[in-house]
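Presented below is the structure to which this report refers.
Both counts, for ligands and for their atoms, begin at 1 and track the order of listing. The first residue of the sequence shown is numbered 1, and numbering continues consecutively from there.
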Amino acid sequence: MAERLLRLADVAKPGRLRDPTRTVFAMCGIVGYAGPKSAVDLVVEGLRRLEYRGYDSAGVSVVADGELSVAKRAGKLVNLEKELAETPLPVSGLAIGHTRWATHGGPTDVNAHPHRSSNGRVAVVHNGIIENFAVLRAELAEAGITPVSATDTEIAAQLLGLEVAKGGDLTGALRTVCNRLEGAFTLVAVDCEQPDTVVAARRNSPLVVGLGDGENFLASDVAAFIGHTREAVELGQDQIVTITATTFEVETFTGEPATVRPYHVSWDLSAAEKGGFDWFMRKEIYEQPKAVADTLLGRQDESGALRLDELRIAPEELRAVDKIVVIACGTSFYAGMVAKYAIEHWTRVPCEVELASEFRYRDPIVGPTTLVVTISQSGETADTLMAIRHAREQKARVLAICNTNGSTIPRESDAVIYTHAGPEIGVASTKGFLTQLVACYLLALYLAQVRGTKFGDEIALLIEELEKIPAAIERQLADMDGVLQLASDFAESPSVLFLGRHVGYPVALEGALKLKELAYIHAEGFAAGELKHGPIALIEDQLPVFVVMPPPGRDLVHEKVISNIAEIRARGARTIVLAEEDDLDAVRHADVVIALPKVPTLLQPLVAIVPLQVFACELATRKGHDVDQPRNLAKSVTVE
Ligand code: F6R
């Protein structure tokens, strides 16, 4: 057994190759509370704000009068709320709660968290995957303990129960247990014999502390407690925090006091609520003008030169960079694809874009003169985090573009450019994507400034163009009737294609992704130039094909895409062309035109994606889907 444990420990080390066939996802939302108010109400309120992280079961546990009580239900949070209304838990000022996205064990009442130890001492909630749970489960069996659930979490609860029974405090017991676990986890625990204390530990999975007035919170995301306090503390890797109503203490997994970084959350409760919209996603689409403007704010000094305050890499080092590698997943990867066009065009530095999940498994060539740029809205995506660790082991400098202050990815990077999208709660990324694009443009321009590949006045002109984007999106959003009509026209289409060229290609991919994840229909994005190399075989009568049109005059690319439109129409498909407002060629050739504001070619993704987001949101709404919580998905993918 020892040998097996050793091998598991080895493969779990950052940068080491792990079984690439094993892809598991674990997201989940976690809340803990210690204070004078009704802990159950506060924890359930927090879970409601974290439901975007997982929504297949939920549960809470309280400590009252020296006893642990647990309520948990499969299905969305509303099932748990119904249960609590029918059979209330005892009144208590101490509770933990969880909203789950199933990994080990299906979404049943029994597998829902919190999990209790057989001796009734502790209850535990967990986000992540305990990779050596099978070994530990066998060990528990030898000790005569048979878990009631199929989860890895219960194994941690059982171990913790045994550990506290030895007589130490909950913090020490959790530290001992954590040192035996492999994988990614945030664990939050209560012990009925320590009725004023909640303890939590984190490794490779998010955890923040909310510091209130006479009350303290623990959560996967500040959204859980933002209605009560905006003062937060981010926890580092392999740290344990112990909270009571009035104290918090942080130590490492080896028991030494840890240094932590307190911060003030820059947004408030209203940003975490729907504000009259039917979906968070729709609200977030309409917040894009502000999100773009906020991300641009304060980026120039008095002379007009670009200034990126959090970018802690010296200009000499940036001048020595000979290759840039952009790494990200999903929508953020598509933002990275756009970044490549801008970086290479403005700086002439070779730039590769790579899926984070592929990066470290193919022995990539990076070194001290490589700048690795990672893009992540959540700052917690496991694939991206592992790629960062691999790049840093190879001595590359890592710069993170991230929307979440206090998250792991910026903390483990050399430098960061924060996007200022505010909280993104809809599972499908919208304002996250737009602000990532803005950050990529700013980075590319900054590199051009530092390396002298663009004159200051050229950079200033491009910044002026970026500054016009919020108003342009505002105008677009004020006139979406045509797009809403298209969603109604195509609601029953079994398949939709998206074509684009140059920076329109990542837009096509992102448009297709939005439709897949929200409307659950087959959607593919292609590079328009590839049409004749295969995808044209998919074209058939009445198939909707969205085409992102390059602005007229862009080399010969515009004319080539016009030819693609003709080829598609000749085969009976319907073309919906997103084209600059005075692109008369597009009007002549398309079945339907969606007019885009006139912007510089490289910036076109900022306006071209907006109608595609609205289209996907509306079509999914018409199909009766839950737009904010699409099936099988969760917001942050915190385990590989
Ligand atoms: C799609 C979407 C995902 C994320 C991806 C990366 O709408 O949201 O594809 O873009 O999981 O997430 P972050 O940016 O948090 O690393």
message: If the cut-off is 4.0 Å to any non-hydrogen atom of Lys514, which atoms of ligand 1 fall inside it?
response: 1 (C), 7 (O)
message: Looking at Arg475 and Asp479, is there a salt bridge between them, counting it only when a charged N and a carboxylate O are closer than 4.0 Å?
response: no
More than 12 heavy atoms from other groups under 6.0 Å of NZ on Lys323: yes
- request: Examine Arg631 relative to Tyr520 and say whether NZ or CZ is less than 6.0 Å from the centre of the six-membered ring and inside a 45° cone about the ring axis.
  value: yes
field: Distance from atom 16 (O) of ligand 1 to nearest protein heavy atom, with residue and atom
entry: Thr381 OG1, 2.5 Å
query: Can you tell me which residue and heavy atom of the protein come closest to atom 6 (C) of ligand 1, and the distance to 0.1 Å?
result: Cys329 O, 3.4 Å
statement: Atoms of ligand 1 under 4.0 Å from any heavy atom of Glu517, numbered from 1 in the order shown, are 1 (C), 7 (O)
query: Please state which protein non-hydrogen atom is closest to atom 4 (C) of ligand 1 and give its distance, to 0.1 Å?
result: Thr331 N, 4.1 Å
query: Please state which protein non-hydrogen atom is closest to atom 11 (O) of ligand 1 and give its distance, to 0.1 Å?
result: Val637 CG2, 4.3 Å
field: Side-chain touch Ile388/Ile409, heavy atoms, less than 4.5 angstrom
entry: yes
message: Out of all atoms in ligand 1, which are within 4.0 Å of some heavy atom of Ser376? Include the element for each.
response: 13 (P), 14 (O), 15 (O), 16 (O)
Taking atom 15 (O) of ligand 1 as the reference point, the nearest protein heavy atom with its distance: Ser378 OG, 2.6 Å
- prompt: Would you call Lys340 and Glu344 a salt bridge, using N to O less than 4.0 angstrom?
  reply: yes
query: Relative to the heavy atoms of Val427, which atoms of ligand 1 are at a distance of less than 4.0 Å?
result: 8 (O)
query: Looking at Phe526, Tyr505, Phe546, which one forms a ring-ring contact (aromatic ring centres under 6.0 Å, His included) with Phe498?
result: Phe546
message: Under 4.0 Å between a side-chain nitrogen and a carboxylate oxygen: does that hold for Lys76 and Asp626?
response: yes
